[in-house]
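Below, chains carry the letters A, B, ... as their sequence lines are ordered, and counting in each starts from 1.
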Protein chains: 2
Amino acid sequence: MSQQEVSTRSRRTSHPKSAITRQRILDAAARAFSLKGYAATTINDIAMTAEMQGGSIYYHFESKDDILQEVLDVGITRVFSAVRLAVGSLPASSAFSEKLEAAVTAHLTMLLQQSDYTSANIRVFEQAPAAVKRQNRKLRAAYGEYWGRLLSEGQRAGAIRRDVDLMVLRLLLLGAMNWAATWYRPGDLAVSELAQNVCDIVLNGAGLDSNHLERSSKGRRARS
Amino acid sequence: MSQQEVSTRSRRTSHPKSAITRQRILDAAARAFSLKGYAATTINDIAMTAEMQGGSIYYHFESKDDILQEVLDVGITRVFSAVRLAVGSLPASSAFSEKLEAAVTAHLTMLLQQSDYTSANIRVFEQAPAAVKRQNRKLRAAYGEYWGRLLSEGQRAGAIRRDVDLMVLRLLLLGAMNWAATWYRPGDLAVSELAQNVCDIVLNGAGLDSNHLERSSKGRRARS
DNA sequence: GTCTATAGTGGGATAGAC
DNA sequence: GTCTATCCCACTATAGAC
């Protein structure tokens with residue numbers, strides 16, 4: 001199913017000329033939010049990068065919150081599309097491990113090197129006003145559900161142990177990835193390598209095989 | 001070794017009476033920062049919770065940044081102490097998996113339910129002014145190195161595969177845990193259960209044992 | 001040590017010329 | 001559609017009484 005771009009759902013996109021300027025503003029905002037956080041970014045910061053005066057912004061957007069809303073929404077839309085595309089491009093018969101690696105690589109690529117919108121989303125979502133968060137949360141939920149289905153398929157296909165809580169697995173995986181926005185600096189390590197490492201650890205574990213034997217013993221020996 | 005509390009290293013702790021008020025202010029600030037973020041928290045918010053007027057804060061602290069600095073620093077000091085204590089309380093001969101679970105449980109406990117300081121740290125560190133971050137980063141580095149040593153010991157003891165990149169493992173683990181500050185709500189799932197799940201996945205992997213066979217084959221079969 | 005009052009400022013948003 | 005000028009408010013921080 002062709003997912004329609006969220007794109008410009010604003011009040012005033014009639015004129016094609018202003019659409020370009022709008023984009024410049026959003027690009028500038030996404031970058032600035034991602035680098036400095038929401039509150040620390042001023043309208044004038046955005047305007048300067050977009051090569052205009054502060055007041056001019058308000059021809060295109062109603063408020064700073066409005067800009068934030070759109071940046072955050074595009075941020076999720078972009079990762080979501082990239083991940084769906086990466087996974088969808090694989091042969092349907094592919095092993096789960098390959099699908100997972102494709103998804104993880106796509107997510108990390110958008111977050112860490114391709115999309116200021118996505119990294120802005122991950123970095124400033126928590127700082128956003130309640131109303132803005134509320135709307136963005138819908139997109140986040142849909143994206144989260146996509147991951148849920150991916151993992152669930154993997155489990156049904158026998159690639160994930162039946163006793164693993166998929167909710168926890170998903171949050172652990174997305175958490176590990178998203179936190180990379182905090183520490184990753186290009187040059188440390190290629191994104192694709194990071195993705196491989198993450199998938200390896202999550203699927204195979206960092207421990208030796210012998211550890212597996214202990215795992216189903218729920219009742220730990222009481223500390224005497 | 002008894003690690004001395006960082007406690008009050010401020011200019012004006014001579015009088016025992018004001019030390020209590022200072023604490024009230026810090027507690028209020030930690031909670032507010034953790035809930036609303038740094039910029040969105042006003043001096044008056046803090047003052048109200050601490051049951052005083054905004055202006056009075058400045059008898060105890062030089063600036064808002066000053067309060068933030070102390071909150072952030074205490075935040076790391078607290079998790080660090082808790083984790084060190086939890087691991088240190090185990091018999092030295094304990095299995096690595098037990099040490100890991102103790103450490104993970106302690107970290108998550110402080111972050112998710114015991115310390116507003118720790119959760120404030122994780123949530124607002126990125127929003128802090130450069131100077132504040134710079135100082136706090138020293139504590140974070142020491143804490144990170146502690147985890148590095150813990151994992152490194154585990155690897156030397158044979159509990160972690162030799163081909164696992166410990167740097168990545170550490171960041172994945174701390175990332176997964178810290179991100180929980182974003183989604184965890186008490187009642188969803190007990191912290192200790194979450195900790196067990198995380199350790200299980202990270203050590204044993206979410207996949208089936210058969211996956212292990214594939215893992216050292218770097219050259220994936222080319223998709224035909 | 002805490003209060004009230006206020007100085008000072010930064011920055012979001014609007015008005016109106018061009 | 002962009003500019004300049006400015007309004008206006010929120011908030012940090014200070015001053016001085018008590």
Side-chain angles (χ1 to χ4, degrees), chain A residues 8 10-33 35-72 120 124 127-132, chain B residues 8 10-30 32-33 35-72 124 127-132:
Chain A
T8 44
S10 67
R11 322 135 214 82
R12 198 178 341 226
T13 318
S14 25
H15 307 297
K17 202 169 285 183
S18 80
I20 295 177
T21 309
R22 231 185 115 79
Q23 274 304 324
R24 264 206 343 265
I25 296 171
L26 286 172
D27 288 353
R31 166 146 302 199
F33 291 161
L35 290 174
K36 317 197 329 182
Y38 182 57
T41 298
T42 71
I43 287 288
N44 270 308
D45 290 340
I46 298 171
M48 263 189 342
T49 306
E51 292 174 299
M52 50 180 14
Q53 296 301 312
S56 310
I57 299 268
Y58 292 90
Y59 175 78
H60 302 275
F61 295 91
E62 289 197 343
S63 69
K64 192 185 170 190
D65 282 7
D66 220 44
I67 299 175
L68 177 63
Q69 184 77 67
E70 200 154 330
V71 167
L72 292 185
V124 312
Q127 305 169 42
V132 174
Chain B
T8 45
S10 67
R11 324 145 207 73
R12 200 179 338 227
T13 320
S14 25
H15 307 299
K17 201 168 284 181
S18 80
I20 295 175
T21 310
R22 230 184 114 82
Q23 275 303 325
R24 263 204 347 264
I25 297 171
L26 286 172
D27 287 354
F33 291 160
L35 290 175
K36 318 198 327 183
Y38 182 57
T41 299
T42 72
I43 287 287
N44 269 309
D45 290 340
I46 298 171
M48 262 186 345
T49 306
E51 292 174 299
M52 51 180 15
Q53 296 301 312
S56 309
I57 299 268
Y58 292 90
Y59 175 79
H60 301 277
F61 295 91
E62 289 198 343
S63 69
K64 191 185 171 190
D65 283 7
D66 221 43
I67 299 175
L68 176 63
Q69 183 77 65
E70 199 152 331
V71 167
L72 291 185
V124 310
Q127 306 170 42
V132 174

Student: Find the distance B:I67:CD1 to D:dC11:P and express it as a whole number of Å.
Tutor: 15 Å

Student: Consider the side chain of A:T21, meaning its heavy atoms from C-beta on, and name the nucleotide among D:dT2, C:dG1, C:dA13 that approaches it most closely.
Tutor: D:dT2

Student: When you measure from the side-chain N and O atoms of B:S56 to the phosphate of C:dG1, is any distance below 4.0 Å, counting only OP1 and OP2?
Tutor: no

Student: Atom CZ of A:F61 to atom P of C:dG12: distance rounded to whole Å?
Tutor: 15 Å

Student: Please pick, from D:dC11, D:dG1, C:dT2, the nucleotide with the shortest atom-to-atom distance to any side-chain atom of A:H60.
Tutor: D:dG1

Student: Among A:D66, A:V124, A:L72, which residue meets the side chain to side chain contact (heavy atoms under 4.5 Å, CB included) test with A:V132?
Tutor: A:L72

Student: Quick one, B:I67 and B:F33 - any side-chain contact, counting heavy atoms below 4.5 Å?
Tutor: yes

Student: For B:N44 and D:dT12, what is the distance between atoms CG and P respectively, to the nearest whole Å?
Tutor: 7 Å

Student: Would you mind reading off the distance between B:I43 atom CD1 and C:dT6 atom P, rounded to a whole angstrom?
Tutor: 21 Å

Student: Below 4.0 angstrom from OP1 or OP2 of C:dT2, is there any side-chain N or O of B:Q53?
Tutor: no

Student: From D:dC11, C:dG11, C:dG1, pick the nucleotide closest to the side chain of B:T42?
Tutor: D:dC11

Student: Does a side-chain heavy-atom distance below 4.5 Å link B:I25 with B:S56?
Tutor: no

Student: Please report, rounded to the nearest Å, how far the P atom of D:dT14 is from the NZ atom of B:K64.
Tutor: 15 Å

Student: If we ignore hydrogens and angles and just use 3.5 Å, is the side chain of A:Y38 paired with the main-chain N or O of A:D65 as donor and acceptor?
Tutor: yes

Student: Side-chain N or O of B:Y58 versus OP1/OP2 of D:dT14: is the shortest distance under 4.0 Å?
Tutor: no

Student: Starting from P on C:dG12, measure out to CE on A:M48 and report it in whole angstrom.
Tutor: 12 Å

Student: Taking the side chain from B:D45 and the backbone from B:T42, do they hold a donor-acceptor pair closer than 3.5 Å?
Tutor: yes

Student: D:dG1 P sits how many Å from A:I57 CD1, rounded?
Tutor: 15 Å

Student: OH of A:Y59 versus C1' of C:dA17: gap in Å, rounded?
Tutor: 16 Å

Student: To the side chain of B:M52, which of C:dG11, D:dT2, C:dT2 is closest?
Tutor: C:dT2

